[in-house]
Q: 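Take this structure first; my questions come after.
Start at 1 and go down the list; that is how both ligands and their atoms are numbered. Since we're looking at a predicted model, the values are computed, not measured.
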Amino acid sequence: MPEVAAREHVKNILPVIDQSLKKLDIKKDIDYIAATAGPGLITSLMVGLEAAKTLAFVYNKKFIAVNHLGAHLAAVFLQNKKVKLPSIGLVVSGGHTALYLVEKIGQYKFIGGTRDDAAGEAFDKVAKLLGLDYPGGPVISKLAEKGDDKAFDFPRPMMHDKNFDFSFSGIKTSVLYGYKKNKQLYKTKINDVAASFQKAVVDVLVFKTVKAIEKYDAKSVILAGGVAANQVLRNDLKKAVNKISREGLSNPDRGIEFFVPEFNHCTDNATMIAAAAYFKVKDKKFTDINKVKADPNWELV
Ligand code: KG4
Ligand code: ZN
């Protein structure tokens with residue numbers, strides 16, 4: 001609900017800034033100020049962006065506008081100095097599911113994305129229809145730990161299509177129909193439903209990412225975004241990537257590196273915005289605060 005989200009932003013932005021500056025002197029300890037300018041909900045973006053621009057203006061700091069999806073990918077550099085390029089980046093969040101070819105940090109080529117729901121959105125919607133809490137991802141993955149992922153046969157939409165696009169609404173609909181048909185079974189077998197649903201989403205994500213690595217002969221893969229906190233996705237993708245390293249198409253000895261941010265840097269956080277800004281500062285790509293505007297559809301390129 002965009003209006004509710006925006007109001008919460010207005011209410012929280014100043015206390016958050018106050019809290020984060022408690023131990024710091026903004027005049028001496030802060031070199032630059034960065035903020036997300038897109039993509040996302042316009043009203044929420046505006047609150048954050050205008051607050052950050054105001055700070056930059058008042059304290060005379062250089063400003064960097066950051067793309068939210070690029071920031072998710074940049075979060076891996078909080079723990080790793082180097083990533084072998086080209087890399088395939090998979091960003092899976094509540095609003096996006098996309099594969100990128102990363103030829104240089106800060107330079108991305110979109111190769112495919114979801115045609116309907118994002119992966120995280122599917123987790124959230126399935127949780128809601130099963131009467132579980134929001135956000136659905138952590139709740140479903142917790143239940144799935146005790147479930148059998150083969151108990152229910154949910155579809156893997158578009159998995160074998162010859163493109164890098166995704167579709168998750170079909171999996172959600174399949175859970176919905178199953179639930180409507182047999183509520184009692186779904187309620188008693190909630191752990192199995194959670195595990196089987198999660199596995200369907202993970203299988204499609206892993207399969208397509210592996211295909212992208214093979215097609216673009218990538219040397220590494222970066223998994224990022226809120227859904228990257230999912231342990232089954234982390235494990236399955238890592239295993240699949242290790243397998244390519246041994247059986248790789250062009251070079252059987254090639255080792256493909258697997259990168260994923262630490263858990264607390266997967267879901268939205270301020271550190272990843274700073275990480276993305278760091279690379280822009282290195283390239284001296286500053287943003288004019290008089291010109292920048294929130295862009296809800298800012299594409300990552
Ligand atoms: O990146 P993020 O924090 O916000 C957006 O940019 O959208 O991602 C939030 C999404 C939510 O849909 C949430 O359900 C999902 O990430 N998520 C997970 C897990 N933790 C968070 N999905 C699956 N498994 C998890 N463990
Ligand atoms: Zn995000």
Q: Connecting only ILVMFWY residues whose side-chain heavy atoms lie within less than 4.5 Å of each other, what is the rest of Ile64's hydrophobic cluster?
A: Tyr32, Val66, Met272, Ile273, Val281, Phe286
Q: Below 30° counts as parallel, above 60° as perpendicular, anything between as tilted: where do the rings of His72 and His68 land?
A: perpendicular
Q: With sequence neighbours left out, what residues match Thr271 under side-chain contact (heavy atoms from CB on, under 4.5 Å)?
A: Leu78, His265, Asn269
Q: Applying side chain to side chain donor-acceptor pair (under 3.5 Å) between Asn235 and each of Gln231, Lys239, Lys238, report the one that passes.
A: Gln231
Q: Kindly determine whether Asp203 and Lys208 satisfy salt bridge (charged side-chain N to carboxylate O under 4.0 Å, His left out), including the steps that lead there.
A: CA-CA 9 Å; Asp203 278 356; Lys208 290 246 159 153; over 6 Å; no
Q: Step by step, work out the salt bridge (charged side-chain N to carboxylate O under 4.0 Å, His left out) result for Lys125 and Asp117.
A: CA-CA 9 Å; Lys125 287 180 174 172; Asp117 293 349; 3.1 Å; yes
Q: Protein N/O/S atoms under 2.8 Å of the Zn ion (ligand 2)?
A: His68 NE2, His72 NE2, Asp268 OD1
Q: Would you kindly check if the NZ (Lys) or CZ (Arg) of Arg234 is within the cone defined by 45 degrees around the ring axis of Phe258 and under 6.0 Å from the six-membered ring centre?
A: no
Q: How about Asn60: does its CG atom have over 12 heavy atoms from other parts shown lying under 6.0 Å from it?
A: no
Q: Enumerate the pairs of nitrogen or oxygen atoms, one from ligand 1 and one from the protein, separated by less than 3.5 angstrom; state names and distance to 0.1 Å.
A:
{"residue": "ligand 1", "atom": "1 (O)", "partner": "His72", "partner atom": "NE2", "Å": "3.0"}
{"residue": "ligand 1", "atom": "1 (O)", "partner": "Gly226", "partner atom": "N", "Å": "3.1"}
{"residue": "ligand 1", "atom": "1 (O)", "partner": "Asp268", "partner atom": "OD1", "Å": "3.0"}
{"residue": "ligand 1", "atom": "3 (O)", "partner": "Asp268", "partner atom": "N", "Å": "2.8"}
{"residue": "ligand 1", "atom": "3 (O)", "partner": "Asp268", "partner atom": "OD1", "Å": "3.2"}
{"residue": "ligand 1", "atom": "4 (O)", "partner": "Asp268", "partner atom": "OD1", "Å": "3.2"}
{"residue": "ligand 1", "atom": "4 (O)", "partner": "Asp268", "partner atom": "OD2", "Å": "3.1"}
{"residue": "ligand 1", "atom": "6 (O)", "partner": "His68", "partner atom": "NE2", "Å": "3.1"}
{"residue": "ligand 1", "atom": "6 (O)", "partner": "Asp268", "partner atom": "OD1", "Å": "3.3"}
{"residue": "ligand 1", "atom": "6 (O)", "partner": "Asp268", "partner atom": "OD2", "Å": "3.4"}
{"residue": "ligand 1", "atom": "7 (O)", "partner": "Gly94", "partner atom": "N", "Å": "2.8"}
{"residue": "ligand 1", "atom": "7 (O)", "partner": "Gly95", "partner atom": "N", "Å": "3.3"}
{"residue": "ligand 1", "atom": "8 (O)", "partner": "Gly94", "partner atom": "N", "Å": "3.4"}
{"residue": "ligand 1", "atom": "12 (O)", "partner": "Gly120", "partner atom": "O", "Å": "3.1"}
{"residue": "ligand 1", "atom": "12 (O)", "partner": "Asp124", "partner atom": "OD1", "Å": "3.4"}
{"residue": "ligand 1", "atom": "12 (O)", "partner": "Asp124", "partner atom": "OD2", "Å": "2.7"}
{"residue": "ligand 1", "atom": "14 (O)", "partner": "Asp124", "partner atom": "OD1", "Å": "2.7"}
{"residue": "ligand 1", "atom": "14 (O)", "partner": "Gly137", "partner atom": "N", "Å": "3.0"}
{"residue": "ligand 1", "atom": "24 (N)", "partner": "Asn230", "partner atom": "ND2", "Å": "3.0"}
{"residue": "ligand 1", "atom": "26 (N)", "partner": "Ser141", "partner atom": "OG", "Å": "3.4"}

Q: Applying side-chain contact (heavy atoms from CB on, under 4.5 Å) to Ile88 and Tyr100, what does each step give before you reach the verdict?
A: CA-CA 6 Å; Ile88 291 294; Tyr100 295 94; over 6 Å; no
